[in-house]
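Contents: one structure, followed by commentary.
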Amino acid sequence: MTIQWFPGHMAKARRQVQEKLKLIDVVIELADARIPHSSRNPMIDEIVTSKPRLMLLNKADLADDKKTREWIQFFQTKGIKTLAIDAQSGKGMKQIVEACQGLVKEKWEKMRAKGVVSPRAIRVLIVGIPNVGKSTLINKLAKRNLAKTGDRPGVTTAQQWIKVGKELELLDTPGILWPKFEDQQVGLRLATTGAIKDTILNLQDVAVFALRFLSTHYPVEFKERYQLDEIPDEIVDLFDEIGKRRGCLMGGGMVDYDKTSELVLREIRGGKVGKLTFEVPSDWENSHT
């Protein structure tokens, strides 16, 4: 299955981001803690160039804690300040303001040395692919519902400045996704976690990827969730087991594979199977050396 998705507003967003960069002090890049590399847009490195950057691994409540720590260490060795947060619950919000203040400390000291007694609010650009939680993050930081949110990608389609107390001014942008996934595994990880619209996907293909991953990397949690004594080797047998146990049936008692796929993906995305991370730094390093 080839996954490609690049709505016109994303190309426009890239141009808008580049135009606004001269106004920006700090770039916050938001990624999904379950797929920290796959949920990054390769274009962002080119776009933000030399601006101080804060990486936020969002939805950390759904990710494997041990692997999240590995990813934080990985990004920080690349010189990118990184925090794990959960924008939905507000966990880690205070750290964000403090981290932004730390990133502009040198710049602010230079301004004070020039006689600027009280530097203005820190201007922050928030970037990330669709459905990583940018609008939820902004609303939590601003303590009111200013940015539109949704459980599907592509909700934010325009830019807006939003004040966060006296410390920050945030610029939200539409999610930017790259035009083509060079690595189809990246596309499947994004599809599994819900970053790509389900309506353009073959969900059975995505579910096959997810089930095989769980079988290999999280067998204990997987068997417990679906009450499996053993995990069948054949993917069709695995679909049948889950479908029958969870009542995803058609007439005549046949398993409905579409319903089974939807069920599995919904439960993975909702954290019902456990705290899952679908890639580790060593996987990425090994495939790009």
Where do [X] and [Y] come nearest, in terms of heavy atoms and distance?
| X | Y | value |
| --- | --- | --- |
| A84 | T68 | CB-CG2, 3.8 Å |
| R40 | A31 | CG-CB, 4.3 Å |
| A195 | N131 | CA-CB, 4.1 Å |

Pairwise side-chain contact, [X] with [Y], heavy-atom cut-off 4.5 Å (strictly under):
| X | Y | result |
| --- | --- | --- |
| I129 | D32 | no |
| S261 | F239 | yes |
| S215 | L238 | yes |
| L30 | V127 | no |
| R212 | I235 | yes |
| P219 | I231 | yes |
| L62 | I268 | no |
| I196 | V206 | no |

Are more than 12 heavy atoms, taken from residues, nucleotides or ligands other than [X], located less than 6.0 Å from that residue's [atom1] atom?
| X | atom1 | answer |
| --- | --- | --- |
| K223 | NZ | yes |
| K114 | NZ | no |
| Q101 | CD | yes |
| E70 | CD | yes |

Mind checking the [atom1]-[atom2] spacing from [X] to [Y]? Nearest 0.5 Å is all I need.
| X | Y | atom1 | atom2 | result |
| --- | --- | --- | --- | --- |
| K163 | E169 | NZ | CD | 4.0 Å |
| R269 | T192 | CZ | OG1 | 7.5 Å |
| E262 | K259 | CD | NZ | 8.5 Å |
| T82 | I72 | OG1 | CD1 | 7.0 Å |
| K78 | Q76 | NZ | CD | 13.0 Å |

Next on the checklist: Under the salt bridge (Lys or Arg N to Asp or Glu O under 4.0 Å) definition, can you give me all pairs with a residue in residues 47-65, not counting sequence neighbours?
Outcome noted: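 Only E29-R53, D45-R53, D64-K67, D65-K275 qualify under salt bridge (Lys or Arg N to Asp or Glu O under 4.0 Å).
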Next on the checklist: According to salt bridge (Lys or Arg N to Asp or Glu O under 4.0 Å), does anything in residues 91-103 pair up with another residue at least two apart or in another chain? List the pairs.
Outcome noted: none
Next on the checklist: Taking transitive links into account, so neighbours of neighbours count too, which hydrophobic residues share a cluster with M254 at under 4.5 Å side-chain distance?
Outcome noted: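 M250, all in the cluster of M254.
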Once salt bridge (charged side-chain N to carboxylate O under 4.0 Å, His left out) is applied, do any residues pair with [X], and if so which ones, sequence neighbours excluded?
| X | result |
| --- | --- |
| R246 | E267 |
| E167 | none |
| K244 | none |

Item to check | Ring geometry between W71 and H37 (parallel below 30°, tilted from 30 to 60°, perpendicular above 60°) | outcome: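 Parallel: the ring planes of H37 and W71 meet at under 30°.
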Checklist outcome for this item: With V27 as partner, the option from L54, L171, L21, L103 fulfilling side-chain contact (heavy atoms from CB on, under 4.5 Å) is L21
